[in-house]
Protein chains: 2
Amino acid sequence: MGPKTASGNLLERRAGVALWRQIADRIRQAINIGEFGDSGMMPPEMQLAERFGVNRHTVRSALAALASEGLVQAVQGRGTMILRRDRLSYPIGKRTRFSEGLQGQAERIAFQCLGHGRTVAGAEIAEALDIPPGTECITLETLGGADGIPLSRASHVFPGPDFAAIPAHFERFGSITRALAEVGIADYTRLSTDVIARHALPDEVAELKLSPGAILLETVAVNADGEGRRIQYSRTRFAADRIKLRIES
Amino acid sequence: MGPKTASGNLLERRAGVALWRQIADRIRQAINIGEFGDSGMMPPEMQLAERFGVNRHTVRSALAALASEGLVQAVQGRGTMILRRDRLSYPIGKRTRFSEGLQGQAERIAFQCLGHGRTVAGAEIAEALDIPPGTECITLETLGGADGIPLSRASHVFPGPDFAAIPAHFERFGSITRALAEVGIADYTRLSTDVIARHALPDEVAELKLSPGAILLETVAVNADGEGRRIQYSRTRFAADRIKLRIES
DNA sequence: CGCAATTTGTTCGTATGTATT
DNA sequence: GAATACATACGAACAAATTGC
């Protein structure tokens, strides 16, 4: 058998890293984004072997490594249990970038636009963005996820018609930072972030593919450009069992 | 009735602020820490009048102010509903002080010691505090609350026997900042804070007086002294329906 | 209870790539 | 370069434990 270079398969033999290590990493990521569900059980070794296109022994080596980390535990005849799940870590700070927070912790991180429109600013948004109540604003609804697992559902508000092109840019680049750059905002910083936790509403359960009664981490963030002008108000709902927030002072 | 100067009663006539404003502030605080329960209803106006030692009309003025804020809504014959509850805001940043975060948002904020002892550092704490696993550490268990309503339940770990006097100092002053000062640490900064949300365990429900199935905001924080030495590892569980975290960058 | 199906655990054998001597 | 040792990967077969019927 020659080396696998088939498109779509990220595994590479003779890449300097043993196959079972690569597979251990991918299984770890898959566990952390909740790809194996809430049952707490891994798929059988044979299924994993098929999925990754390797021998069962190779999968077993990977699982043994994860077991020694305390991440999973195998029981003969029953299967392999998931013991611990390190949530993906979403960093929050002055330089928080909505679309970049999860890079490197999972494969295929993607953001999509669920819709966009216009509203007039209510009291809360007007105060946060430092604009008169009633000002017309641009709205953008987004969904973020990794490997097809939804992680975050955000509602963004931008003050005034200067930002009317944001949704189109976002749809094209999948990045708010990039979309802001396209309308002339090269840099911005986060002023504040409020964090609450609450139960998910029925439509949030549907959008984020949660189980009923699931918990959300909801953040309300305000960003400002280099001159201190408020440019963005975002309310993001994270699936609390898949994400943790990390604040580095 | 003369001016009230009785100890324990914070209301003061002729203090430059109208009585009904002072009462409105206190009711707002009481609502926000959940003092009126989850029923969503305020006590009758007569009860409130009695509690604050004022005429029912004064309470009505206060409630009218709160109604115009959208915080409550009175319905003739039914009572006064609580519409919105602004959680207490717990600030997190480089200068976060455990015992000072809630000052000014509620009356009678207090921290008590639930217990203390020694442990040996496991892998996670050893890494966080930058000490060898197995090092003996000082532990401190605390409960924080406002007006008798529990708000936070924290477990603190201090590296090594240098901190053995911390629990005694905390019991005396009710402040970790002060206790650290007593052992020679005049200043410290917060290095990082992790935030997750999860369901409360049965004993946490009991300790924080929550309803079953309630949600916790759990923070894991690491503090360091001026020279960067890690001096404190704290895991704090906040009642999520009473607290929000605020991160100012 | 027994029985079959499923799943992990173990032991052979074989082949190949990598690092050391 | 050759010999050696070691880690990696695949294949087949069987043993042992668990689960559902």
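Small disclaimer: the values here were computed from a predicted structure and weren't measured. In what follows, chains carry the letters A, B, and so on, assigned in the order in which the sequence lines appear, proteins first and then strands, with residues in each chain numbered from 1.
Non-hydrogen atoms lying under 4.0 Å from DNA chain D are contributed by Q76(A), G77(A), R78(A), all within residues 68-81 of chain A. Annotation: proximity of residues 39-50 of chain A to DNA chain D (heavy atom, distance under 4.0 Å) is found for no residue.
Side-chain N/O atoms of N55(A) include none lying less than 4.0 angstrom from OP1 or OP2 on dA9(D).
Rounded to an integer number of Å, the gap from NE2 of H57(A) to C1' of dT10(C) is 9 Å. For the pair R21(A) CZ and dA9(D) C1', the computed distance is 14 Å after rounding to whole Å. Rounded to whole Å, the distance from CH2 on W20(A) to P on dT16(C) is 23 Å.
Judged by the 6.0 Å distance and 45° axis criteria, R230(B) is not positioned over the aromatic ring of Y188(B).
Under the 4.5 Å side-chain criterion, counting only non-hydrogen atoms from C-beta, M42(A) is in contact with L48(A). When side chains are defined from C-beta on, F52(A) does not count as touching L19(A), because their heavy atoms never get closer than 4.5 Å.
Under the 6.0 Å cut-off for aromatic ring centres, F98(B) and H156(B) qualify, their centroids lying closer than that.
No side-chain donor from either of R95(B) and S249(A) sits under 3.5 Å from a side-chain acceptor of the other.
Between K209(B) and G148(B) the shortest heavy-atom distance is NZ-O, 4.1 Å.
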* Let me see the working for E218(A) and R198(A) under salt bridge (Lys or Arg N to Asp or Glu O under 4.0 Å), right down to the final yes or no. => CA-CA 8 Å; E218(A) 180 174 278; R198(A) 60 174 176 84; 2.6 Å; yes

Could you tabulate the donor-acceptor pairs under 3.5 Å formed by side-chain atoms of residues 57-66 of chain A, not counting sequence neighbours?
residue : atom : partner : partner atom : Å
R60(A)  : NH1  : E45(A)  : OE1          : 3.4
R60(A)  : NH1  : E45(A)  : OE2          : 2.9
S61(A)  : OG   : H57(A)  : O            : 3.2

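Of the candidates dT8(D), dT8(C), dT11(C), dT8(C) carries the atom nearest the R60(A) side chain, counting heavy atoms from C-beta on.
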